[in-house]
Amino acid sequence: MKNLFFLMILLAGMFTACQNTPSGDAAKTTEATEEAAEATATSTAYTVNTESSVINWEGYKPGKYGHVGTIKLQGGTIKAADGVPESGNFVIDVTSLECTDLAETPDKKMKLEGHLKSGDFFEVEKFPTGKFEMTGLQPLEGNPDANYTVKGNLTLKETTKSIEIPAQVTVNEGSLMVATPEFTINRTEWGVNFGSGIIGTVKDQLIADDVKLKINLVANTQVAAQ
């Protein structure tokens with residue numbers, strides 16, 4: 001009976017830990033060595049619709065609690081031929097970072113957003129934008145949530161890393177959509193180290209290195225004035 005009781009406690013602890021740890025496949029990350037992909041002369045240019053595009057994020061204190069939010073895009077262009085993207089880039093408006101789960105507690109929301117935008121995290125006064133430049137695209141089979149593997153250089157806080165992520169790319173007349181399944185990146189690879197174990201943060205104050213992201217990007221051949 002004692003062993004059964006111990007097992008139940010262990011399983012409960014594991015469940016709690018899982019509930020408070022970012023899930024999603026980790027993006028493959030390497031040093032950025034490849035240059036941006038180039039489109040052919042016959043490609044069609046799609047302009048990122050900043051009103052319809054968003055990056056969803058989720059971060060945690062392991063075993064305690066987490067927060068979710070959004071980051072907007074500032075602009076970008078994707079070029080495609082015969083329904084297949086050949087090149088692309090978008091600018092991330094880091095100043096737009098918002099914590100959406102604290103909408104009903106404005107003071108806490110403002111405090112957390114201010115901290116995330118400070119020098120401890122993304123230092124938006126010095127680095128107001130990030131960017132992503134596509135370096136390659138490969139068809140992907142066997143994944144119901146994605147039809148391509150997108151490879152590109154992600155720059156945050158002037159640090160650039162090459163990442164590979166799955167994405168569902170859909171091209172219709174006049175529009176192109178890119179939607180990724182949830183994936184994670186290790187924030188410390190871009191110099192966002194506050195609360196990380198790599199700087200010796202004590203266990204009770206740890207913030208998970210992995211941040212969950214999900215990108216929903218919409219681009220149009222013609223975007224109405226905003």
Side-chain angles (χ1 to χ4, degrees), residues 9 11-27 48-76 90-132 145 154 156-157 165 167-168 177-188 190-197 199 201-219 223-224 226:
I9 292 176
L11 291 173
M14 291 174 64
F15 176 77
T16 301
C18 289
Q19 290 292 92
N20 291 280
T21 303
S23 59
D25 293 334
V48 171
N49 187 323
T50 56
E51 293 297 320
S52 302
S53 302
V54 66
I55 299 174
N56 294 283
W57 61 265
E58 189 171 354
Y60 286 91
K61 282 194 170 184
K64 294 185 177 180
Y65 55 85
H67 292 290
V68 299
T70 60
I71 302 176
K72 296 179 180 180
L73 300 184
Q74 195 177 88
F90 58 82
V91 178
I92 305 166
D93 181 6
V94 188
T95 67
S96 72
L97 186 151
E98 183 177 2
C99 182
T100 55
D101 66 293
L102 295 178
E104 296 183 1
T105 52
D107 291 343
K108 291 182 179 180
K109 181 176 184 293
M110 185 179 298
K111 183 177 179 180
L112 177 58
E113 290 173 356
H115 192 199
L116 291 174
K117 294 176 183 180
S118 74
D120 284 341
F121 287 92
F122 292 101
E123 202 171 356
V124 299
E125 287 191 6
K126 187 176 181 181
F127 308 107
T129 61
K131 65 179 180 179
F132 178 87
D145 300 317
L154 174 63
L156 295 170
K157 297 184 71 173
I165 53 177
Q168 185 72 36
M177 292 171 284
V178 179
T180 71
E182 293 176 339
F183 65 94
T184 64
I185 62 171
N186 185 326
R187 60 187 175 90
T188 65
W190 284 268
V192 184
N193 298 329
F194 182 85
S196 171
I199 60 172
T201 303
V202 297
K203 184 177 180 180
D204 287 346
Q205 298 178 13
L206 280 174
I207 299 173
D209 292 344
D210 287 338
V211 178
K212 186 196 297 182
L213 300 174
K214 186 176 182 179
I215 301 171
N216 287 294
L217 184 150
V218 178
V223 177
Q226 300 175 14

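The figures here come from the full heavy-atom set of this structure, side chains too, leaving out hydrogens, waters and symmetry mates.
Around NZ of Lys157, the count of heavy atoms belonging to other residues, nucleotides or ligands within 6.0 Å exceeds 12.
Judged as a side chain to side chain contact (heavy atoms under 4.5 Å, CB included), and not counting sequence neighbours, Lys111 has no contacts. Asp101 meets the side chain to side chain contact (heavy atoms under 4.5 Å, CB included) test with His67, Val68, Cys99; sequence neighbours excluded. For Ser96, the side chain to side chain contact (heavy atoms under 4.5 Å, CB included) partners two or more places apart in sequence, or in a different chain, are Ile71, Lys72, Asp93. Under the rule for a salt bridge (Lys or Arg N to Asp or Glu O under 4.0 Å), the partners of Lys109 that lie at least two apart in sequence or sit in another chain are Glu98, Glu113. Gln205 meets the side chain to side chain contact (heavy atoms under 4.5 Å, CB included) test with Thr201, Val202; sequence neighbours excluded. Remark: Ser196 pairs with Asp209 by the side chain to side chain donor-acceptor pair (under 3.5 Å) rule, at least two apart or across chains. Not a single ring-ring contact (aromatic ring centres under 6.0 Å, His included) links Phe122 to another residue, sequence neighbours left out.
The stretch residues 117-129 participates, sequence neighbours left out, in these side-chain hydrogen bond (donor to acceptor under 3.5 Å, both in side chains) pairs: His115-Asp120.
Under the 4.5 Å side-chain criterion, counting only non-hydrogen atoms from C-beta, Ile215 is not in contact with Val178. Side-chain contact between Val124 and Leu97: absent, with no pair of heavy atoms (C-beta onward) separated by less than 4.5 Å. Using a 4.5 Å cut-off on side-chain heavy atoms (C-beta onward), Ile92 and Leu154 make contact.
Between the side chain of Lys64 and the main chain of Asp204, a donor-acceptor pair closer than 3.5 Å is present.
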Decide yes or no on side-chain contact (heavy atoms from CB on, under 4.5 Å) for Phe121 and Ile207, but give the supporting numbers first.
CA-CA 11 Å; Phe121 287 92; Ile207 299 173; 3.9 Å; yes
Check against side-chain contact (heavy atoms from CB on, under 4.5 Å), Phe194 and Ile199
CA-CA 8 Å; Phe194 182 85; Ile199 60 172; 5.5 Å; no
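With rounding to the nearest 0.5 Å, the separation of CG in Leu213 from CD1 in Ile55 is 7.0 Å.
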